[in-house]
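Chain letters run A, B, ... following the sequence lines, proteins first, then strands; residues in each count from 1. Since this is a predicted model, take the numbers as computed values, not measurements.
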There are 2 protein chains.
Amino acid sequence: MRELPTGGPPPSGPRPTGRSPVRRATMRDVAALAGVSVKSVSRVINGGDAVSADLREKVSRAIERLDFQPNLAASSLRRSDGVTGQIALLLEDLANPFSATLNRAVEDVAHRHGTLVFAGSLEEDGNRELALVRASTLRRVDGIIIAPATRDHGYLNREVRAGTPVVFVDRAPRGLSADHVLSTNAEGARDAVLHLADNGHERIAYLGDHPSIPTAADRLRGYTGAMRDLGLAVDPRLVVQGLSATGAAAAATTALLSGDAPPTALFTSQNLVTIGAVTALQGLGRQREVAVVGFDDFPLADLLSPKVTVVAQDVPEIGATAARLLFGRIAGDDPPHRACSVPTRLVVRESGLIPPR
Amino acid sequence: MRELPTGGPPPSGPRPTGRSPVRRATMRDVAALAGVSVKSVSRVINGGDAVSADLREKVSRAIERLDFQPNLAASSLRRSDGVTGQIALLLEDLANPFSATLNRAVEDVAHRHGTLVFAGSLEEDGNRELALVRASTLRRVDGIIIAPATRDHGYLNREVRAGTPVVFVDRAPRGLSADHVLSTNAEGARDAVLHLADNGHERIAYLGDHPSIPTAADRLRGYTGAMRDLGLAVDPRLVVQGLSATGAAAAATTALLSGDAPPTALFTSQNLVTIGAVTALQGLGRQREVAVVGFDDFPLADLLSPKVTVVAQDVPEIGATAARLLFGRIAGDDPPHRACSVPTRLVVRESGLIPPR
DNA sequence: CTGTTAGCGCATTCAT
DNA sequence: ATGAATGCGCTAACAG
């Protein structure tokens, strides 16, 4: 017979240490102490079935005394719906503001559903994505929210078929049909260009990430579309791609402005690129001469001088929407897959109002 | 007999939908298809025991064909060490830079240990802390890293005794003995004050959070200690506490500077307080007259003008250290509890070099 | 090297 | 309203 935890003071002898932990009480222990069956303990814990007040009382006392904490893994292993109360959230980098804010928004919705969130960073690494998705399904998460690093997501079909819903954020699914929640990237980029054009600019540069990144491609599309609609030429010398860090963006900005056909305004299609461009402008002492509109708001954008005008994404809304879609499917909803667009918003500050010169 | 997944094309009939998922293959299915025992499948998967090449081959093919993914919950339920490959990370707010950076650092170490991280926000809410700790232990996490919101952490003793190690970050444990990893808060604050004094300041104000927050108390202690050691009076009119948001910090700054005994320098003991103070200074047009040193670095601190001097914490190091301590204990290490100090670093930029006037 | 039996902790099905 | 038996998917302890 195995030793039962007593709830009272430990018997004399060696103190428990980390290496010989006190065994956690199980339902059997509770049942034995309360003098009832295991099933009755289960009933008291899960509610549902009717239980007499007396039995409930006895069981509750035993639970208290033994500090019993039901093992959820065992529970969901046996239970018919198999729900684990765990979801996975796989983003680019939990440390960056976009991912971190999204994480928080998803956590809040999950919390209301009694669900814990496995958060992971993909680092634009397809293999890491595969590993983390697998790690998640091995633990039978109830669902996955993902901003994928891979280009083809067909491999997720089997998970979806096995009953694990997947919702995409920030990037659209390829190779499978699934719910996804995206910012209006093209429209937001268009708004940025129109704002600069409104202030008299014609030579507007695009500084962005590699076009293999879908959001970057969408924002470029918004830029070129707006330029065309305005009757402005898209000068290839003013389009710089492949920028993903502040350093490269700063260098590109400096090169652009010292070239033979300099722009009078910059549209920077991403956070770090914006910061790099602003840094370069400050270095050149020209931050009040060249207009800037950035995609993505960032903390302190309104403390810089000039204050930086941006197209802001509603990141909490993206996260909350994705989480709601996911929990809907976890609950059994099965409507056709939805594509949700979360509007961006032009936040007019100062840097976009600088006139051409 | 239950229906076996075939691995081949699905039989005719209604297509599988989200509501009637295809059952995931189990070891039994794999064993049946490979014509071996369940235990042999387990051996192939877990390595360890010697297995003939032929058997390994047959099993591997069956696993492939059925897309078998072992259920880790069932595995750790049965296995003797009970390891789940899950830890909990409970921080103040996953969306703020400190928590987000810590999260990422912990994730990286966990990833190397094949472990997933439940990340949660406590929001300075003791009840939320209790709920999240309980949610974590119900899922039998292998360990917990926590920056607690409660004042007394004695309730964690039972978890530690039950074999779930706990490591504290950013705040020291009270009511139990446990590993903890803290920045050198008092020393960092002292460095800030000494730097300002070096530049001629004597009337140095302290702007900080409520002293019930231990880090705030430590930083105040560093401030007063340094002032005393310098032979400078600690003027109570220059000590403002209870500041936790930018708005309040800005208001306090404005009030301080328009009072009858204004400071010539500010030591702001937290991120948001620093930003609030800088905002207020800019609003008054006095950002080049009043010196500032802040505790905690923040993005773009070096893009502001003047660039903001700060005492920076080494957040990735805090996270990595905490994670290493935790995984050590999970692996069975049981040394006396350690208190780790992670040094802060004075990042001299411009705002601390402004002379008194 | 391989298989059989038992049981992790719990919910389910069926009995009473 | 309560309990006994069964099994979720897997590994441990023992066979052979």
Side-chain angles (χ1 to χ4, degrees), chain A residues 1-5 21 23-32 34-59 62-63 66-85 137-140 162-163, chain B residues 1-5 21 23-32 34-59 62-63 66-85 137-140 162-163:
Chain A
M1 168 135 187
R2 47 185 197 174
E3 184 191 350
L4 293 176
R23 189 174 63 76
R24 288 185 188 273
T26 71
M27 273 198 180
R28 269 179 52 184
D29 303 327
V30 175
V36 301
S37 77
V38 173
K39 178 58 195 172
S40 293
V41 177
S42 174
R43 283 203 178 91
V44 169
I45 288 173
N46 295 314
D49 297 14
V51 178
S52 75
D54 172 55
L55 194 150
R56 153 166 280 110
E57 177 59 24
K58 281 190 297 188
V59 170
I63 288 176
L66 297 178
D67 184 31
F68 169 67
Q69 299 191 276
N71 183 327
L72 242 52
S75 162
S76 63
L77 180 62
R78 188 64 182 88
R79 114 183 300 135
S80 55
D81 60 11
V83 168
T84 58
T137 57
L138 292 184
R139 289 168 178 80
R140 299 297 187 264
Chain B
M1 166 131 188
R2 47 185 197 176
E3 184 191 349
L4 293 176
R23 188 173 64 77
R24 287 185 189 274
T26 72
M27 273 198 181
R28 269 179 54 183
D29 303 328
V30 175
V36 301
S37 79
V38 175
K39 178 59 192 171
S40 294
V41 178
S42 174
R43 284 204 178 91
V44 170
I45 288 174
N46 294 314
D49 297 14
V51 179
S52 76
D54 172 56
L55 194 150
R56 154 166 278 110
E57 176 60 23
K58 282 190 298 186
V59 170
I63 288 176
L66 298 177
D67 183 33
F68 169 66
Q69 300 191 274
N71 183 328
L72 241 55
S75 163
S76 65
L77 180 61
R78 187 64 183 92
R79 113 183 302 136
S80 55
D81 59 10
V83 168
T84 58
T137 57
L138 292 184
R139 290 168 178 80
R140 298 299 187 265

Check: Given D:dC8, is OP1 or OP2 found less than 4.0 Å from the side-chain N or O atoms of B:N71?
Finding: no
Check: Are the side chains of B:V36 and B:V44 in touch, meaning some heavy atoms are under 4.5 Å apart?
Finding: no
Margin query: For C:dC1 and B:S52 - does any side-chain N or O of the residue sit under 4.0 Å from the phosphate oxygens OP1/OP2?
Written below: no
Next item on the list: Check the distance between D:dG9's C1' and B:L66's CG and give it to me in whole angstrom.
Entry: 15 Å
Checklist line | Given DNA chain C, 5'-ward residue of the pair A:S80 and A:A74, judged by closest heavy atom | finding: A:A74
Note to self: The side chain of B:T26 is closest to which nucleotide in this list: D:dT11, C:dC10, D:dG9?
What the structure shows: D:dG9
Next item on the list: For B:M27 and D:dC8, give me the distance from atom CE to atom P, rounded to whole Å.
Entry: 14 Å
Note to self: Rounding to an integer number of Å, can you tell me how far B:K39 NZ sits from C:dT4 P?
What the structure shows: 13 Å
Notebook entry, point to check: Roughly how many Å is it from CG in B:N46 to P in D:dG9, rounded to a whole number?
Noted result: 17 Å
Margin query: Output the rounded distance in Å from CZ (A:R140) to C1' (D:dG9).
Written below: 9 Å
Notebook entry, point to check: Under 4.0 angstrom, heavy atoms only, what part of the nucleic acid is B:L72 near: base, sugar-phosphate, or nothing?
Noted result: nothing
Next item on the list: Can you measure from CG (B:L55) to CZ (B:R43) and round to the nearest 0.5 angstrom?
Entry: 9.0 Å
Next item on the list: Determine the contact category for A:V36: base if any of its heavy atoms lies under 4.0 Å from a base atom, sugar-phosphate if only primed atoms, P, OP1 or OP2 are that close, otherwise nothing.
Entry: sugar-phosphate
Checklist line | Pairwise distance CZ(A:R56) to CD1(A:I63) - rounded to 0.5 angstrom | finding: 9.5 Å
Next item on the list: List the steps, then state whether side-chain contact (heavy atoms from CB on, under 4.5 Å) holds for B:R139 with B:T84.
Entry: CA-CA 9 Å; B:R139 290 168 178 80; B:T84 58; over 6 Å; no
Next item on the list: Please report, rounded to the nearest Å, how far the P atom of C:dC10 is from the CZ atom of A:R28.
Entry: 11 Å
Note to self: Is the shortest side-chain heavy-atom distance between A:R24 and A:N71 below 4.5 Å?
What the structure shows: no
Item checked: Of B:S37 and B:L77, the one whose closest DNA chain C nucleotide lies more 5' -> B:S37
Next item on the list: Considering just the side-chain nitrogens and oxygens of A:S40, establish if one lies under 4.0 Å of OP1 or OP2 belonging to D:dT2.
Entry: no
Next item on the list: Considering just the side-chain nitrogens and oxygens of B:R78, establish if one lies under 4.0 Å of OP1 or OP2 belonging to D:dC8.
Entry: no
Note to self: Using a distance-only criterion (donor-acceptor N/O pair, under 3.5 Å, no hydrogens), is the base of D:dG3 paired with the side chain of A:R43?
What the structure shows: yes
Notebook entry, point to check: Are any of A:S42's side-chain N or O atoms less than 4.0 Å away from OP1 or OP2 of C:dC10?
Noted result: no
Check: Could you give the CG-to-C1' distance, from B:D29 to D:dG9, as a whole number of Å?
Finding: 10 Å
Note to self: Given the structure, check if the side chain of A:R79 and the base of C:dT12 hold any donor-acceptor pair shorter than 3.5 Å.
What the structure shows: no
Next item on the list: Measure from CG on B:D81 to C1' on C:dC8 and round the result to the nearest Å.
Entry: 12 Å
